[in-house]
Structures are given as structure tokens and as C-alpha cells.
Amino acid sequence: MLSTKVLAPSKQLARSLASLGGVRSKHTVPDLPYDYSELEPVISAKIMQLHHDKHHATYVANLNVAEEKLAEAQAKNDVAAQVALQGALRFNGGGHVNHSIFWQNLIGEKNGGGQLHDGALKTAIEQQFGSLQTLSANVNGKTAGIMGSGWGWLTLNNATGKLDVITTANQDMPSSVGHVPLLGIDAWEHAYYLDYNNVKVDYFKNIWRVINWKDVAKRYDDAVAAYSASKN
Ligand SMILES: [Fe+2]
């Protein structure tokens with residue numbers, strides 16, 4: 001008989017979802033850590049309200065439905081039904097995880113947005129990329145090159161223990177390709193179109209003004225510690 005265990009969500013997705021509230025419990029949309037208008041004028045309150053309350057909420061609702069169906073299929077040992085659900089789990093689970101990181105990655109300019117202070121992350125950026133400006137140009141160039149929808153990421157590469165810049169398609173997560181997400185840039189049209197129309201390069205340029213580098217630096221410290229522990 002075929003094992004049903006291999007058909008559960010991937011280990012990376014399961015771990016990421018568990019950190020957000022558990023695979024078996026209903027997922028919920030996390031509150032924004034600030035008001036809808038926090039990121040203006042870089043990102044309008046209107047976009048933030050729609051993006052958080054509608055788009056993110058839809059990923060969460062569809063993830064909960066997919067998990068319920070998965071549990072039913074597992075109970076019936078219906079392998080075909082479990083296989084058919086993998087796409088919905090990957091897409092909606094990734095959408096939930098990625099957006100939950102994105103909200104934390106941002107903060108208004110008046111509250112420190114865009115300010116990268118001295119520390120391990122700043123040192124690593126300068127050693128690997130030369131400067132924050134060079135890094136942002138690297139991220140923006142790769143992110144602008146995404147065909148269709150996706151995300152640009154600053155990550156810690158689990159193969160090297162170093163910073164890396166990658167993109168993922170649709171709602172795929174960096175963990176699915178062996179990277180720890182530190183900073184995500186949502187390159188879906190829903191993230192910028194109301195403010196920037198078709199000029200997405202201006203969105204990519206401006207978003208660096210509202211990056212919460214304290215959050216990114218904390219993720220970097222945690223990722224480096226986990227990488228070091230895995231090598232011992
Ligand atoms: Fe989004």
C-alpha cells in the first residue's frame with residue numbers, strides 16, 4: 001500500500017506554517033503591526049488594506065480549505081485526492097507564509113524605515129555586495145526580471161551560509177530551494193499597481209525607504225545561528 005505520509009505538505013512548508021500557528025489548526029491572517037497608512041507615501045493605505053485584508057486573507061481561507069480536504073483524503077487513504085491538493089497547498093501556504101514575512105519586513109520612514117544600522121547584517125552586506133545601494137540594485141534588477149508574478153528575496157543560502165539574492169515564481173517560498181528568507185519584495189501587481197500603475201521600477205526603487213532593517217537583521221542573526229548549529 002502506498003504511504004500517505006509522503007503526500008503531506010513539504011517539510012519546509014509544514015515547518016513554516018507551523019511557525020504561524022500549526023498545520024492542523026485553522027490559520028488566521030496576522031494583524032498588521034502598524035496602521036494601513038504607515039508606509040505612505042511609498043505604499044498607500046488603500047493598497048495595504050486590500051493587500052492585507054483581501055489578498056492575504058484569501059490565501060489563508062484557501063489554505064484552510066485545502067488542509068481540510070487533505071485531512072479528509074488522508075482519512076480515506078485517497079492518494080489521488082491528496083496528490084491533487086499539493087498545488088493548492090503550495091500556492092496558498094506560500095502566499096500565507098510570504099506575506100506574513102513581508103508585513104514584518106516593512107515600517108514607515110518616520111519609525112526607522114530604510115535605516116540599516118551597524119551590526120552583523122550590515123557588515124555581511126558590505127563584504128559581499130560592497131554597499132546597501134549595490135545590494136538594492138541587485139535585488140531590484142533580478143526582481144524586475146520576473147516573468148509574471150513572484151517575489152524578490154534577500155536570503156541566507158543554506159548551502160553556503162552567505163547572503164544571496166534570488167527570485168521565486170508565484171508564491172513559492174525560498175525554503176523550497178534551500179534558502180532562509182530575510183527580506184521579501186512582493187512583485188505581484190496587487191502590491192503596487194494602484195499607486196504606480198505600470199511603472200513597477202519606481203515601486204522597487206521606493207520600497208527601500210520603508211524596509212524594517214531591524215526585522216531583517218534579526219532574521220539574519222537567527223539564520224546564521226541555525227546555519228552554524230547545523231554544521232556542528
Ligand atoms: Fe502580495
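When a ligand or atom number is given, it counts from 1 through the structure's own listing order. Scope of the values below: all heavy atoms of this structure, side chains included, with no hydrogens, waters or symmetry mates. One is the number of the first residue; the rest follow in order along the sequence.
- Annotation: side chain of Glu38 is in contact with side chain of Ile107 (closest heavy-atom distance under 4.5 Å).
- Within the sub-2.8 Å shell of the Fe ion (ligand 1), the protein contributes these N/O/S atoms: His51 NE2, His99 NE2, Asp186 OD2, His190 NE2.
- Screening residues 163-173 for salt bridge (charged side-chain N to carboxylate O under 4.0 Å, His left out), with sequence neighbours left out, gives Arg90-Asp172.
- Every residue two or more places apart in sequence or in another chain was checked for a side-chain hydrogen bond (donor to acceptor under 3.5 Å, both in side chains) with Ser149, and none qualifies.
- Atom CD of residue Glu126 and atom CG of residue Leu132 lie 8.5 Å apart, to the nearest 0.5 angstrom.
- Checked against side-chain contact (heavy atoms from CB on, under 4.5 Å), Lys205 has the following partners two or more places apart in sequence or in another chain: Asp202.
- Between His99 and Trp151, the ring planes are perpendicular. Angles over 60° get that label, and only those under 30° would be called parallel.
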